[in-house]
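Counting begins at 1 with the first residue of the sequence. Below, all heavy atoms of this structure are taken into account, side chains as well, without hydrogens, waters or symmetry copies.
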Amino acid sequence: RRRHTRYIGDWSSDVCSSDLLLTLLQGASFGQKLLSIKVIDVSTGLTPTPARIALRTLLVLLVIPAIFTSNGRRLHDIFAHTTVVRTFSL
């Protein structure tokens, strides 16, 4: 059982690292790129600072994203002062 738990921990840290790195470099994780969406800073409209991206990623790992507010934003985005936008027009 301990070995199985270790693999889950390795997997989650890999996912966290890749999500954090891709969002820092490109403004979007792999999955967000596939869906043509990206993360932006609410106040500037630009790619968020590394600290905001790190906070957002940490909150995603804590399953905070499952909680929505009345205006449709997720709590992890509100706490990190970020939002997700489409990167193309339909």
Side-chain angles (χ1 to χ4, degrees):
R1 287 184 185 232
R2 292 184 84 127
R3 183 176 291 167
H4 180 68
T5 304
R6 189 186 71 178
Y7 292 135
I8 291 172
D10 291 346
W11 176 83
S12 65
S13 68
D14 289 346
V15 169
C16 176
S17 299
S18 67
D19 183 57
L20 184 64
L21 182 62
L22 288 173
T23 305
L24 280 169
L25 296 175
Q26 302 176 358
S29 67
F30 179 74
Q32 289 168 333
K33 288 287 231 185
L34 287 176
L35 295 173
S36 297
I37 57 178
K38 69 177 182 176
V39 179
I40 62 168
D41 187 302
V42 172
S43 51
T44 66
L46 302 173
T47 300
T49 63
R52 288 191 180 184
I53 292 172
L55 174 61
R56 185 179 187 278
T57 303
L58 175 66
L59 293 172
V60 167
L61 288 175
L62 296 175
V63 194
I64 299 295
I67 303 169
F68 286 85
T69 61
S70 60
N71 66 0
R73 282 184 67 205
R74 295 180 185 115
L75 282 181
H76 68 279
D77 281 322
I78 291 171
F79 292 143
H81 301 282
T82 59
T83 193
V84 176
V85 294
R86 288 211 177 271
T87 58
F88 70 94
S89 302
L90 291 176

Novice: Tell me the salt bridge (Lys or Arg N to Asp or Glu O under 4.0 Å) pairs involving residues 31-48, sequence neighbours left out?
Specialist: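 Sorted pair list: Asp41-Arg52.
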Novice: Taking C-beta and beyond as the side chain, do Ile53 and Thr47 meet within less than 4.5 Å on heavy atoms?
Specialist: yes
Novice: Minimum heavy-atom separation for Ile40 and Val85, please, with both atom names.
Specialist: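 In terms of heavy atoms, the two residues are closest at CD1-CG1, 3.8 Å.
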Novice: Taking all non-hydrogen atoms of both residues into account, name the closest pair between Phe79 and Leu59 and its distance.
Specialist: CB-CD1, 3.6 Å
Novice: Kindly give the heavy-atom pair with the smallest separation between Leu55 and Ala80, and that separation in Å.
Specialist: CD2-CA, 3.9 Å
Novice: Which atom pair, heavy atoms only, marks the closest approach of Thr82 to Arg73?
Specialist: O-NH2, 2.6 Å
Novice: Ile37: which other cluster members, linking ILVMFWY side chains closer than 4.5 Å, directly or transitively?
Specialist: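 Direct or chained contacts put Ile37 with Leu35, Val39, Val84.
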Novice: Do any N or O atoms from the side chain of Ser36 and from the backbone of Arg86 form a donor-acceptor pair under 3.5 angstrom?
Specialist: no
